[in-house]
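Remember, predicted model here, so these are calculated numbers, not experimental data. Every chain is numbered from 1 and lettered A, B, ... according to where its sequence line falls, protein lines coming before strand lines. Just the heavy atoms: all of them, side chains too, but no hydrogens, waters or symmetry mates, feed the values below.
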2 protein chains.
Amino acid sequence: MTAARRETPRERYRTQLRAEIKEHAWEQIATAGAPGLSLNAIAKQMGMSGPALYRYFSSRDELITELIRDAYRDLADTVRAAAAGGADLAGLGRALRTWALTDPQRYFLIYGTPIPGYHAPDDVTQTASLIMECLLDAARSSGRDVADDDPVRAHLAAHRQWAGDHPADAATLHRALLFWSRLHGILSLELAGHFTGMGLDPAELFASELRALTR
Amino acid sequence: MTAARRETPRERYRTQLRAEIKEHAWEQIATAGAPGLSLNAIAKQMGMSGPALYRYFSSRDELITELIRDAYRDLADTVRAAAAGGADLAGLGRALRTWALTDPQRYFLIYGTPIPGYHAPDDVTQTASLIMECLLDAARSSGRDVADDDPVRAHLAAHRQWAGDHPADAATLHRALLFWSRLHGILSLELAGHFTGMGLDPAELFASELRALTR
DNA sequence: CGCTTCTGTTAGAAGTTATAACCGCGCGAT
DNA sequence: ATCGCGCGGTTATAACTTCTAACAGAAGCG
């Protein structure tokens, strides 16, 4: 068994309070976005005074990084749960959309406007490749192929390091990539409200792209 | 001729200084993103002290709103210039991509993470429909149709208010919409750096989607 | 039981946006 | 040509923010 010496009460308390802080942070992000997140406001909500939070997160950036990490992990868990439940590529797409709709700002924390200076830590790219692995698995057993004569196939076959050691042919790589970019395109526009004034239903567009992908 | 009484020197100075402020603001946004924009820093750069800028922009939000407006207009001008130059749908796509790559943060100001409270003023939606008009024009004379049996066509035919009074059939509406969402999908991922660690060339993906759209 | 370490406090520095009060120059009208 | 209003700039100040420093108290561990 793992060398887990019984965790001390202090450690318990510490992780518990960290979680509580993140809980309040998510509330704030959901209502005011990431730039509106204020450590002071969180502390006030929790009934303690400002600098106390620095015992748990060394800076505001570290808190946000942790939130991004959690968001990524949660997305990966969601996708993997759907895949484990026997979902095909379309099922993964629907799972992705419902996950994004439940908390748009959480989605934008991952796929939204990047902060110029910021660089994601290694483990989130690891989580990203976990997601990609699921996509590739599901993309293997999808419908018939389209655009198999596209020159990009050669490029994908040549540069497949992002797929790790996944045994997927160029068509599968292509489909997974299109799944990702196309669904993100619609989702991102929908969540940002770019469809609202147009009078059409984003769900229809999303479903349509999903059909085109799995046809 | 327009009732433009000779503009006073003060008005000249005012508009000139407003432009200068926006110039510095764009620099800051390009290097630190929108949330990193600081009125104080701009004032310092211009050699004047903080609150002076409030003579020209009533608040930081108003400045950003103005920048968004300008960005939208610039995008619309770019697209329309390409269309006026005889560009087809693929040409518009390439123009869009180069425009986005020249200043990613400017692109994200339009299509990036939305600020929860913020609502775009009317004239930007007007500019948006200007862009869409160009897209619809170009989408009319594109290659043969794909997926003409998709159920979304009925939905598009029924909800076509976003196309204004443009005489486009459902296939054209569909193609313009796919053009928008798919290219935005790739562009957004590319600009946010989600392709960097993967070792593949976003330009190839973009070109491939463009081919699929205009095939 | 005592020592150490961890947690929370207040104080304060260096920023930010934004408002208020004030001063002087220049434009426009007379 | 000159007078006066208004505009543009300034400083001072308030209310925020993140974050550091110094300190007090409590809780855990040997």
What is the separation between atom [atom1] on [X] and atom [atom2] on [N], rounded to the nearest whole Å?
| X | N | atom1 | atom2 | answer |
| --- | --- | --- | --- | --- |
| B:Leu53 | D:dC7 | CG | C1' | 15 Å |
| B:Phe57 | C:dT17 | CZ | P | 14 Å |
| B:Ile42 | C:dT17 | CD1 | P | 8 Å |

Exercise. Listed by chain and number, what are the side chain to side chain donor-acceptor pair (under 3.5 Å) partners of A:Ser38, not counting sequence neighbours?
Worked result: none

ring-ring contact (aromatic ring centres under 6.0 Å, His included) involving [X] - partner list, sequence neighbours excluded:
| X | result |
| --- | --- |
| A:His24 | none |
| B:His155 | B:His159 |
| A:Phe195 | B:Trp180 |

Short N/O separations, protein against nucleotides 9-16 of chain C, under 3.5 angstrom:
from  : atom 1 : to      : atom 2 : distance (Å)
C:dT9 : OP2    : A:Ser49 : N      : 3.0

For this session: Can you sort out which residues in residues 12-31 of chain B have a heavy atom within less than 4.0 Å of DNA chain C? Ascending by number, please.
Result: none

With sequence neighbours left out, write down each residue that passes side chain to side chain contact (heavy atoms under 4.5 Å, CB included) with [X], or none if nothing qualifies.
| X | answer |
| --- | --- |
| A:Ala192 | A:Phe108, A:His194, B:Pro114 |
| B:Ala82 | B:Ala87, B:Leu92, B:Ala95 |
| A:Tyr118 | A:Thr65, A:Ile68, A:Ile115, A:Ala120, A:Pro121 |
| B:Ser129 | none |

For this session: Sort and list the pairs that fulfil salt bridge (Lys or Arg N to Asp or Glu O under 4.0 Å) and have at least one residue in residues 111-120 of chain A, not counting sequence neighbours.
Result: none

For this session: Test salt bridge (charged side-chain N to carboxylate O under 4.0 Å, His left out) on B:Arg69 and B:Glu66 and set out the steps.
Result: CA-CA 5 Å; B:Arg69 204 192 312 270; B:Glu66 189 70 20; 3.5 Å; yes

Seminar exercise, completed: Heavy-atom contacts, protein to nucleotides 25-30 of chain C, under 4.0 Å, summarised as B (base), S (sugar-phosphate only) or - (none) per nt, yield -BSS--

